[in-house]
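The next block holds one structure in the form of structure tokens; read it before the comments.
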Amino acid sequence: MKKVLVGVLMAAMAVSLVGFGAKPADAADVKTVEAGKLHMATNAAFPPYEMTTDDGGYEGIDVEIATEIAKKLGLELVVDDMDFSSVITVVQTGKSDIAMAGLTVTDERKKNVDFTDSYATGIQSIIVPEGSDIATADDLADHMIGTQEGTTGFFYCTDDFGEEFVLSYPNGATAVQNLLAGKVDAVVIDNAPAQAFVEANDGLVLLDTEYVTEDYAIGVSKDNPDLCAAVNGALKDLIKDGTVAKIVEKYIPVE
Ligand code: ARG
């Protein structure tokens, strides 16, 4: 009799396991801007975190991690590409679900969005032309500095060196073009894109100095704490099972 009962219970469990298989295990019934979709606000000019592909798609560390998060939540990822300075606003105003853009956690931004756990470290780095007299962050004083608008690099530089010495451009690539054209003496930008820009252009050097170290995380609307919890839960799982590390290493191989 007991054995029969155990058998019945096991059969019932097997059925419910099959039931779970239909939907991803972590799928939560969260509300998103568009049903069935997870909209990611980003600025896809920030290699290797987000960039466009030749066929008009998107790739990069953030895009791949977000794709995995969406999958876990039973959603399809949609990339909303825009100016970096808009990524938090569109999440705040309910036009995108998450801001994921190599986005640094700051106290100021915490007033506007909730952040998940951090999934990567960013370092504000300095690019100069070959032969420059700038060798450290302190040397930036009294020089013209190029930055990407709305970024932490812009805020640190204006605080430390004065607004009159800082120019901001719509994206990092434009800042670097202006460095090559001699319009600015240095560019301050996150280390991973800095490396990509230096590799793609002759005559530039990435200084071996860390101006500021920061944490990247995903911003979610304060009005949707369930979504933030679900996204963070999925992210935690992806960190734990090594998926995040694998994606990062695909784009930033460890030497
Ligand atoms: N980490 C910097 C910040 O949060 C720059 C991020 C720029 N990201 C981008 N996708 N363009 O301010």
Side-chain angles (χ1 to χ4, degrees), residues 39-53 57-67 69 77-92 95-127 137 145-161 163 166-179 184 186-198 200 206 210-220 247-248 251-252:
H39 279 261
M40 161 184 167
T42 198
N43 169 251
F46 197 70
Y49 283 90
E50 40 266 333
M51 53 272 191
T52 47
T53 57
Y58 299 98
E59 64 178 355
I61 294 170
D62 286 344
V63 178
E64 290 203 24
I65 295 175
T67 302
I69 290 173
L77 183 75
V78 181
V79 174
D80 300 333
D81 191 11
M82 62 192 73
D83 286 343
F84 177 72
S85 35
S86 300
V87 299
I88 289 187
T89 319
V90 294
V91 165
Q92 261 186 303
K95 294 191 188 81
S96 290
D97 296 301
I98 60 172
M100 195 168 185
L103 180 64
T104 302
V105 179
T106 68
D107 288 340
E108 202 52 41
R109 289 172 181 165
K110 275 188 194 165
K111 293 180 191 159
N112 299 320
V113 285
D114 285 336
F115 280 101
T116 61
D117 291 3
S118 175
Y119 62 90
T121 303
I123 300 166
Q124 291 302 314
S125 302
I126 303 163
I127 309 175
I145 309 166
T147 61
Q148 182 184 1
E149 67 190 8
T151 62
T152 50
F154 172 79
F155 296 119
Y156 298 138
C157 287
T158 48
D159 281 356
D160 290 348
F161 305 107
E163 271 174 41
V166 185
L167 294 178
S168 69
Y169 298 97
N171 54 57
T174 314
V176 167
Q177 288 317 313
N178 279 274
L179 177 63
V184 290
V187 164
V188 169
I189 192 165
D190 306 49
N191 62 325
Q195 237 158 50
F197 291 135
V198 167
L206 179 57
E210 302 184 356
Y211 179 26
V212 183
T213 301
E214 32 188 41
D215 289 324
Y216 291 168
I218 304 170
V220 186
I247 292 170
V248 171
Y251 289 94
I252 309 176

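One-based numbering, in listed order, for ligands and for the atoms of each.
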Is a side-chain N or O of Asn43 found less than 3.5 angstrom from the main chain of Met82, in a donor-acceptor match? yes

My understanding is that only residues two or more places apart in sequence, or in another chain, count here; which of them pass salt bridge (Lys or Arg N to Asp or Glu O under 4.0 Å) with Asp114? Lys222

Report yes if the distance between the aromatic ring centroids of Tyr216 and Tyr49 is under 6.0 Å, otherwise no. yes

Given the options Thr213, Asp190, Thr151, Gln124 meets side chain to side chain contact (heavy atoms under 4.5 Å, CB included) only with Asp190

Residues lining ligand 1 [heavy-atom distance under 4.0 Å, listed by chain and residue number]: Asn43, Phe46, Glu50, Phe84, Ala101, Gly102, Leu103, Thr104, Arg109, Gln148, Thr151, Thr152, Asp190, Glu214, Tyr216

Apply ring pair (Phe, Tyr, Trp, His ring centres under 6.0 Å) to Tyr211 and list each qualifying residue two or more places apart in sequence or on a separate chain. none

With sequence neighbours left out, the residues meeting salt bridge (Lys or Arg N to Asp or Glu O under 4.0 Å) with Glu214 are none

